[in-house]
There are 2 protein chains.
Amino acid sequence: MIFSAKCEYGIRAMLDLAMNPEEGPVGVRTIAERRDISEGFLEQIMGALRKGGLVESIRGSRGGYVLARSPEEISLADVVVAIDGPVSTGPCVPGSESKRCQQMNICVIQDVWVDVTDCIMTVLSTMTLASLKERQLRKRVEAPGTPLSEGKGVGWLLPG
Amino acid sequence: MIFSAKCEYGIRAMLDLAMNPEEGPVGVRTIAERRDISEGFLEQIMGALRKGGLVESIRGSRGGYVLARSPEEISLADVVVAIDGPVSTGPCVPGSESKRCQQMNICVIQDVWVDVTDCIMTVLSTMTLASLKERQLRKRVEAPGTPLSEGKGVGWLLPG
DNA sequence: TCAAAATCCAACTTAGTTAGTAGGGATACG
DNA sequence: CGTATCCCTACTAACTAAGTTGGATTTTGA
């Protein structure tokens, strides 16, 4: 698995913030309940997103998180890197700290890893919170059979 | 890290076989020494490649492994899947066994994972052992400063 | 026939990572 | 002042990765 659950939760949370811009600061508790994420775990994740400059936090009662930039300006690449760090593809690539093979300068396998990494980052960079939000809204409309009122965790699908 | 060391070793081994077609069956011991891989570990990996139909084994003394198809017909996607199994990108994708979210049919995040997976498989599918071998040979020529005689594990760079 | 060389197979180990949990501080609102 | 919130560190249980170990089976060659 390339992307951790942490990463998925981070994207869920960011998408939640993007889809509810009028709410003002949203607390971890709220997001955790709406998106079905462990609260304590999400706290850690939001910390990483804040350190990555993707969200701003408001402390104290009535505090919470808001996006630091507009959804158009936040790509999934930003989110993934803030949470998991730089995407590393193989065990033996130029930038990595791991034990590298002796023939690094003439090894073709590292080139493969680099190519794959580039491809992944390109895909993630073209996806913004804004485009994801739009896709989500469109999907909501196209899947009318979806049980909106059943159980918890579906309210967030409706835009504010 | 997306691809395990196992996977890298498997590609190294396959490339070794592709670059030395005249040797006949090549033993695990030989490949392990030439490509700097733990012998016991490589044994496991070759087993996976055999089960995946990418190599054929000859048992007994003078035995070893040979490619089951020509290098043009073996892509890195084949190798990676034989060793690591299907590439899974995120925790929540249609095919996976892991606990999926409730809104799977309308969740956009799984779409992201699918897009990334597709992109990776496309890159890996276009790379064959033959193309990799060619790249390796070209690189050998372009990097004349490379110390060919220093240490072990560089002999394999020269085609048979 | 028999020893050596090889594949084959399954169990074990060790270190690190993942996905949380727990517990307490710091800060701001009312 | 009390409550709700962010903030931070440490801990843990389960899993995975990267081998290691020990042996069984098969084939060649002397």
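Just so it is clear: chains get the letters A, B, ... in the order the sequence lines come, proteins before strands, and each one is counted from 1.
Distances shown here put every side-chain N or O of Tyr9(A) at or beyond 4.0 Å from the OP1 or OP2 atom of dA19(C). Here Ser57(B) does not reach the OP1 or OP2 of dA6(C): none of its side-chain N or O atoms lies under 4.0 Å away.
When the C1' atom of dA4(C) is taken as reference, atom CZ of Arg29(B) falls 11 Å away, rounded to whole Å. Distance CZ (Phe3(B)) to C1' (dT16(D)): 17 Å, rounded to an integer number of Å. Distance Glu33(A) CD to dA4(D) P: 13 Å, rounded to the nearest Å. When rounded to the nearest whole Å, the span between CG of Leu17(A) and C1' of dC6(D) equals 14 Å. Taking atom CD1 of Ile2(A) as the reference point, atom P of dT16(D) lies 16 Å away to the nearest angstrom.
Using a 4.0 Å cut-off between charged side-chain N and carboxylate O, Asp111(A) and Lys139(B) make a salt bridge.
Linking Ile, Leu, Val, Met, Phe, Trp and Tyr whenever their side-chain heavy atoms come within less than 4.5 Å puts Ile11(B) and Phe41(B) in one cluster. Linking ILVMFWY side-chain heavy atoms closer than 4.5 Å, directly or via other members, places Leu67(A) and Leu49(A) in a single hydrophobic cluster.
Not a single ring pair (Phe, Tyr, Trp, His ring centres under 6.0 Å) links Tyr65(A) to another residue, sequence neighbours left out. Take Leu42(A) and apply the side chain to side chain contact (heavy atoms under 4.5 Å, CB included) test, not counting sequence neighbours, and it matches Ala13(A), Val28(A), Ile31(A), Ala32(A), Ile37(A), Ile45(A), Met46(A). Under the side chain to side chain contact (heavy atoms under 4.5 Å, CB included) criterion, Asp118(A) pairs with Val114(A), sequence neighbours left out. Shown here are the side chain to side chain donor-acceptor pair (under 3.5 Å) partners of Asp115(A), two or more places apart in sequence or in another chain: there are none.
Listed in residue order, the members of residues 38-53 of chain A having a heavy atom less than 4.0 Å from DNA chain C are Ser38(A), Gly40(A), Phe41(A), Gln44(A). Within residues 59-71 of chain A, the residues approached by DNA chain C to less than 4.0 Å at the level of any non-hydrogen atom are Arg59(A), Gly60(A), Ser61(A), in residue-number order. Across residues 76-84 of chain B, not one residue has a non-hydrogen atom less than 4.0 Å from an atom of DNA chain C.
Here the side chains of Leu17(B) and Val66(B) are not in contact, with every heavy-atom distance at 4.5 Å or above.
Ring-plane geometry between Phe3(B) and Trp113(A) is classed as parallel, the angle between the planes falling under 30 degrees on a 0 to 90 degree scale with a further cut at 60.
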Side-chain donor-acceptor distances from residues 72-85 of chain B under 3.5 Å, at least two apart:
from     : atom 1 : to       : atom 2 : distance (Å)
Glu72(B) : OE1    : Ser70(B) : OG     : 3.2
Glu73(B) : OE1    : Ser70(B) : OG     : 3.2
Ser75(B) : OG     : Ala77(B) : N      : 3.3
Ser75(B) : OG     : Asp78(B) : N      : 3.2
Ser75(B) : OG     : Asp78(B) : OD2    : 3.3
Asp78(B) : OD2    : Arg69(B) : NH2    : 3.3
Asp78(B) : OD2    : Ser75(B) : N      : 2.9
Asp84(B) : OD1    : Ser4(B)  : OG     : 3.0
Asp84(B) : OD2    : Ser4(B)  : OG     : 3.0

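Applying the side-chain hydrogen bond (donor to acceptor under 3.5 Å, both in side chains) test to pairs two or more places apart or on separate chains, those with a residue in residues 38-56 of chain B are Arg29(B)-Glu39(B).
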